[in-house]
Amino acid sequence: MKLNRIIIHELIKEAGKTEASFKPSTSLLTVNDGLASMIQEVHESFEKLINSYHKFKPHSEHKSVFINIHKYTKDDETDNRFYNWSKTSMRELEGEIKSVPFATGGYYVFSDYEINGLRFLSIVIVRNKEAFNIKWDPTTEMYNVDSTENINIDQMAMGFRLNVNLYKVATNRNYIALINKKEMEHHSILKIGSVWMRDWTKTEYQ
């Protein structure tokens, strides 16, 4: 397992209100063995929970989320481009969930990692910061993770994962995997994620 980059942002929204905002980290986390182990655990759990496979919707090339992923995976694998991808993703989500009155916020973990010869871009939604030991550092203005403590993987509510290897070779195979826990389908945070994933992808089952 090799963890290349990771960052965490918070989406802020109260149920019953139409205002939404997000609290961004100002920089990427410093990769260490603890964070790599956490993402490996996320990956292994993700493999067991995948509900469906997808591709980007046609004409997605005009969306900022697609533009940043495309540039990052093709010719601009930099911290700045990764940060832009995470931030524009959250901006799009912030706008979308204002129309979901009972949706609430959560923590979004963006990562770029390699495992078993494959590379992935991943986003997982965490219901509460205690589950992944997420803490805000006011000095650095960023969310950090106490990787010395165990994480509660059951609190991973929803996820998006792009197989970079498949995406880069323009294959006909689906390169996006999604998870959406059935027991969580009435949870407000999933309503947020469902809107987001719906706008990004088209369904193509393998």
Side-chain angles (χ1 to χ4, degrees), residues 1-12 22-50 65 68-69 71-73 76-91 93 105-165 167-168 175-181 184 189 192-193 196-197:
M1 148 64 93
K2 179 185 177 185
L3 178 59
N4 297 316
R5 294 177 175 88
I6 181 171
I7 192 169
I8 302 170
H9 301 303
E10 181 187 7
L11 179 71
I12 302 169
F22 86 96
K23 186 175 182 179
S25 291
T26 56
S27 61
L28 307 187
L29 285 165
T30 300
V31 172
N32 57 42
D33 290 344
L35 289 174
S37 296
M38 182 187 81
I39 294 302
Q40 179 165 350
E41 190 171 348
V42 167
H43 175 84
E44 292 170 354
S45 181
F46 204 114
E47 286 291 299
K48 300 173 184 177
L49 296 170
I50 294 172
V65 170
N68 279 288
I69 284 182
K71 289 184 176 180
Y72 180 69
T73 57
D76 189 16
E77 296 180 8
T78 62
D79 289 353
N80 187 58
R81 181 63 64 184
F82 182 85
Y83 182 79
N84 287 343
W85 167 55
S86 71
K87 196 169 181 179
T88 55
S89 300
M90 295 303 294
R91 283 293 184 201
L93 178 56
Y107 298 85
Y108 289 68
V109 182
F110 292 75
S111 62
D112 169 3
Y113 64 93
E114 300 168 44
I115 189 168
N116 299 327
L118 297 173
R119 183 174 166 213
F120 298 96
L121 293 182
S122 172
I123 311 165
V124 295
I125 305 172
V126 182
R127 288 183 289 182
N128 61 71
K129 63 183 180 181
E130 286 78 14
F132 275 43
N133 309 315
I134 297 171
K135 298 173 182 174
W136 175 256
D137 185 338
T139 303
T140 58
E141 296 187 323
M142 60 188 293
Y143 284 103
N144 210 330
V145 174
D146 183 354
S147 55
T148 63
E149 299 181 21
N150 293 328
I151 65 171
N152 184 353
I153 203 70
D154 291 334
Q155 298 296 312
M156 185 173 70
M158 191 173 186
F160 165 100
R161 191 181 72 187
L162 183 142
N163 183 318
V164 176
N165 301 68
Y167 176 68
K168 291 179 73 170
Y175 44 77
I176 295 172
L178 300 182
I179 60 171
N180 185 346
K181 289 186 178 179
M184 289 287 294
I189 200 170
I192 298 173
W196 194 22
M197 304 312 179

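- What you find for Pro24 and Tyr83 is that their closest heavy atoms are CB-OH, 4.4 Å.
- Of all non-hydrogen atoms in Ser86 and His9, the two that sit nearest each other are OG-NE2, 3.0 Å.
- With values rounded to the nearest 0.5 angstrom, Phe82 atom CZ is found 7.5 Å from Ile6 atom CD1.
- Note on ring orientation: taking the six-membered ring where Trp is involved, the planes of Phe120 and His43 are tilted (angle from 30° to 60°).
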Exercise. Just do the side chain to side chain contact (heavy atoms under 4.5 Å, CB included) check on Asn32 and Thr30 with the steps written out, would you?
Key: CA-CA 6 Å; Asn32 57 42; Thr30 300; 5.9 Å; no
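- If you take CH2 on Trp136 and NZ on Lys23, they are separated by 5.0 Å, rounding to the nearest 0.5 Å.
- Of all the heavy atoms in Leu11 and Met90, the pair that sits closest is CB-CE, 4.0 Å.
- Separating the CD1 atom in Ile8 from the NZ atom in Lys135 is a distance of 12.0 Å, to the nearest 0.5 Å.
- Of all heavy-atom pairs spanning Ser111 and Leu3, the tightest one is CB-CD1, 4.2 Å.
- Closest approach of Met142 and Ser25 over heavy atoms only: CA-OG, 3.5 Å.
- Taking 4.5 Å as the limit, some side-chain heavy atom of Arg119 sits within range of a side-chain heavy atom of Asn4.
- Between atom CZ of residue Phe110 and atom CD1 of residue Ile7 there is a gap of 8.5 Å, rounded to the nearest 0.5 Å.
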Quiz item: Between Lys87 and Phe22, is a side chain to side chain contact (heavy atoms under 4.5 Å, CB included) present by the stated rule, with each step listed?
Solution: CA-CA 9 Å; Lys87 196 169 181 179; Phe22 86 96; 3.7 Å; yes
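- A heavy-atom distance below 4.5 Å is found between the side chains of Trp85 and Ile123.
- At least one side-chain heavy atom of Arg161 sits less than 4.5 Å from a side-chain heavy atom of Glu47.
- Across Met38 and Val145, no two heavy atoms sit closer than the pair SD-CG1, 3.8 Å.
- For the atom pair CG of Leu178 and CZ of Phe160, the computed distance is 7.0 Å after rounding to the nearest 0.5 Å.
- Under the 4.5 Å side-chain criterion, counting only non-hydrogen atoms from C-beta, Arg5 is not in contact with Val31.
- Between the CD1 atom of Ile50 and the OG atom of Ser45 there is a distance of 10.0 Å, given to the nearest 0.5 Å.
- At least one side-chain heavy atom of Leu29 sits under 4.5 Å from a side-chain heavy atom of Asn144.
- No donor-acceptor pair closer than 3.5 Å links the side chain of Tyr167 to the backbone N or O of Ile176.
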